[in-house]
There are 2 protein chains.
Amino acid sequence: MAQTDTVTRILDTAEVLFAERGFAETSLRTITSKARVNLAAVNYHFGSKKALIQAVFSRYLDPFTVRFHHALDELEAQHAGAVIPLEQLLETMARTVLEVPAEKHSLKVFMKLLGLAYSQAQGHLRRHIQEEYGSVFTRFTDLVRRATPELPDAERFWRLHFVLGTVIFTLSGLDALRDIAEKDYHEHVSVRDLIRRLRPVVVAAMNAPLPPPPAAQPAKAS
Amino acid sequence: MAQTDTVTRILDTAEVLFAERGFAETSLRTITSKARVNLAAVNYHFGSKKALIQAVFSRYLDPFTVRFHHALDELEAQHAGAVIPLEQLLETMARTVLEVPAEKHSLKVFMKLLGLAYSQAQGHLRRHIQEEYGSVFTRFTDLVRRATPELPDAERFWRLHFVLGTVIFTLSGLDALRDIAEKDYHEHVSVRDLIRRLRPVVVAAMNAPLPPPPAAQPAKAS
DNA sequence: TCCCACTGAAAACAACTGTTTTAAACATTA
DNA sequence: TAATGTTTAAAACAGTTGTTTTCAGTGGGA
């Protein structure tokens with residue numbers, strides 16, 4: 001209990017501070033003093049600051065991948081080899097993302113961390129996430145491919161990242177946006193409200209008409 | 001010429017380094033040594049590192065706002081009070097974004113900086129941008145409101161930020177995504193390619209069907 | 001000619017960073 | 001009991017950070 005307590009206290013404090021300020025802007029002394037543990041405890045338990053950062057992510061992503069694999073297993077069993085509709089795939093992902101942090105941590109923090117991983121990670125974090133959790137993403141995209149056979153592979157790749165950008169950007173910047181929205185339209189927006197609004201937009205984005213071909217545009221016009 | 005040379009050399013170097021590594025991870029010594037200017041020159045010309053960061057943004061955003069206002073002036077004159085279609089509004093914005101950095105700087109750098117401003121800026125940068133350049137955004141959103149009268153105000157607010165997230169996320173993480181895309185689908189993707197792919201997706205997202213009403217869900221079920 | 005803004009090199013400043021070490025206590029388990 | 005792993009305290013480490021200062025030159029405009 002003693003060990004667990006210190007380790008989780010560090011993780012709980014670190015994830016909040018990381019989400020608020022970013023990785024480089026959060027010092028180990030800030031974390032340890034706010035968590036009321038010894039400065040040396042971080043290097044004792046985790047080895048380094050980089051390892052701490054990765055541990056913070058693993059605490060979210062490990063249970064997420066387990067649950068998501070299970071959810072996809074069920075979904076595939078239900079459809080018995082048939083193609084799973086895109087809406088159900090997105091629905092399953094959304095539900096899993098909502099379930100995991102709901103247990104103890106904050107969804108907002110989880111999304112902020114994901115946003116940071118994309119924008120701030122020089123190398124080690126993005127590499128760590130890709131190597132450790134890339135397989136779930138690959139399984140998901142394979143199912144999406146079968147659900148959208150009319151889309152060229154490259155087009156689907158980009159559109160998945162388009163909607164990924166929408167979700168991460170919106171949910172990671174939620175606090176600031178919510179303040180504006182509540183002041184201007186005085187209606188409270190919960191995360192589940194946002195996901196309700198997100199669903200038709202994401203589906204429409206994935207099903208948008210194909211763009212016109214590149215239309216050879218260089219100097220010599222026809 | 002002597003003055004201008006040092007100032008622009010600092011700005012040119014700083015914007016690239018900021019875009020590559022972020023603000024906190026880029027030291028003044030790295031900037032000045034790479035720009036082959038004196039370390040003290042930054043504080044001499046700009047006053048502080050924060051002011052340098054704001055100056056980097058102003059060099060992009062000042063000409064952008066000027067051009068965008070002009071483009072909207074023309075657009076409004078063309079339509080003589082009539083409603084401007086959403087596609088043309090988005091088209092105009094995209095064209096302006098493409099024009100500004102094209103002169104001398106890199107569009108990729110510009111987008112990375114925008115992404116950083118959203119994800120990394122604790123306070124001073126976001127406040128600076130909001131206060132300095134908020135009016136153009138307001139004018140644009142007003143025109144969008146008239147172009148999409150069927151959308152409730154709150155819905156339009158969120159959808160605009162959804163697509164903003166798509167664009168910033170995609171274009172600011174362009175390098176990493178491009179590496180994956182080129183390896184998997186071996187086709188080179190230029191920024192203009194991406195914008196061509198972005199257009200139908202953004203339009204479809206804005207025109208998506210309205211989400212179902214909140215559907216009172218609380219504890220006491222019916 | 002004098003002046004002033006600019007540039008350069010160098011050093012110092014105080015503050016903060018991640019990390020390591022030493023010491024002494026505490027708990028649990030073998 | 002003895003041993004082991006955990007926690008704390010405190011200090012020191014070497015390095016980096018933004019900022020300031022000093023001194024010495026440079027150039028062009030009044």
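Values below: every heavy atom of this structure, side chains too, minus hydrogens, waters and symmetry copies. Residue numbering restarts at 1 for every chain, and letters A, B, ... go by the order of the sequence lines. All values derive from a computational prediction rather than experimental measurement.
- Atom CG in A:D5 sits about 13 Å away from atom C1' in C:dA27, given to the nearest Å.
- Taking atom NZ of residue B:K50 and atom P of nucleotide D:dT19, one finds them 9 Å apart after rounding to whole Å.
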> Between B:D73 and B:R139, does a salt bridge (charged side-chain N to carboxylate O under 4.0 Å, His left out) hold up when you go through it step by step?
Replying inline: CA-CA 11 Å; B:D73 288 344; B:R139 180 180 180 188; 2.7 Å; yes
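- Heavy atoms only, all atoms of each residue included: A:R126 and A:A117 are closest at NH1-O, 4.5 Å.
- In this structure, B:V42 reaches neither bases nor backbone, as no heavy-atom distance under 4.0 Å exists between it and the strands shown.
- The nucleotide whose nearest atom lies closest to any side-chain atom of A:A40 is, among C:dA11, C:dT7, D:dA10, D:dA10.
- Following rounding to the nearest Å, A:N43 (CG) and C:dT17 (C1') show an atom-to-atom distance of 12 Å.
- To the nearest angstrom, P of D:dT16 lies 16 Å from CD1 of B:I31.
- Regarding B:L28, its CG atom lies at a distance of 17 Å from the C1' atom of C:dA12, rounded to whole Å.
- No engagement by B:T30 is indicated, since no non-hydrogen atom pair under 4.0 Å with the nucleic acid exists.
- For the OP1/OP2 pair of D:dT6 and a distance below 4.0 Å, the side-chain nitrogens and oxygens of A:Y44 include at least one atom meeting the criterion.
- Following rounding to the nearest Å, B:F23 (CZ) and D:dG18 (C1') show an atom-to-atom distance of 16 Å.
- Of the candidate nucleotides D:dT8, C:dA11, C:dT19, C:dT19 has the atom lying nearest to any side-chain atom of A:L39.
- The distance between the ring centers of A:F64 and A:Y133 does not fall below 6.0 angstrom.
- As rounded to whole Å, 12 Å separates atom C1' of D:dT8 from atom CZ of A:R9.
- The side chain of A:H45 sits closest to D:dT6 out of C:dT19, D:dT21, D:dT6.
- For the pair A:R29 and A:A41, nearest-nucleotide mapping onto DNA chain D gives the more 5' position to A:A41.
- The shortest non-hydrogen separation linking B:S172 to B:K112 is O-CE, 2.8 Å.
- Applying the 4.0 Å criterion to OP1 and OP2 of C:dC16, one finds that A:S27 has every side-chain N and O outside that range.
- Comparing atom distances between the A:K49 side chain and each of D:dT21, C:dT19, D:dT8 picks out C:dT19 as nearest.
- Here B:T32 lies out of heavy-atom contact (under 4.0 Å) with every strand.
- A distance of 6.0 Å or more separates the ring centres of A:F169 and B:F169.
- As a whole-Å value, the separation of A:L52 CG from C:dT17 P is 15 Å.
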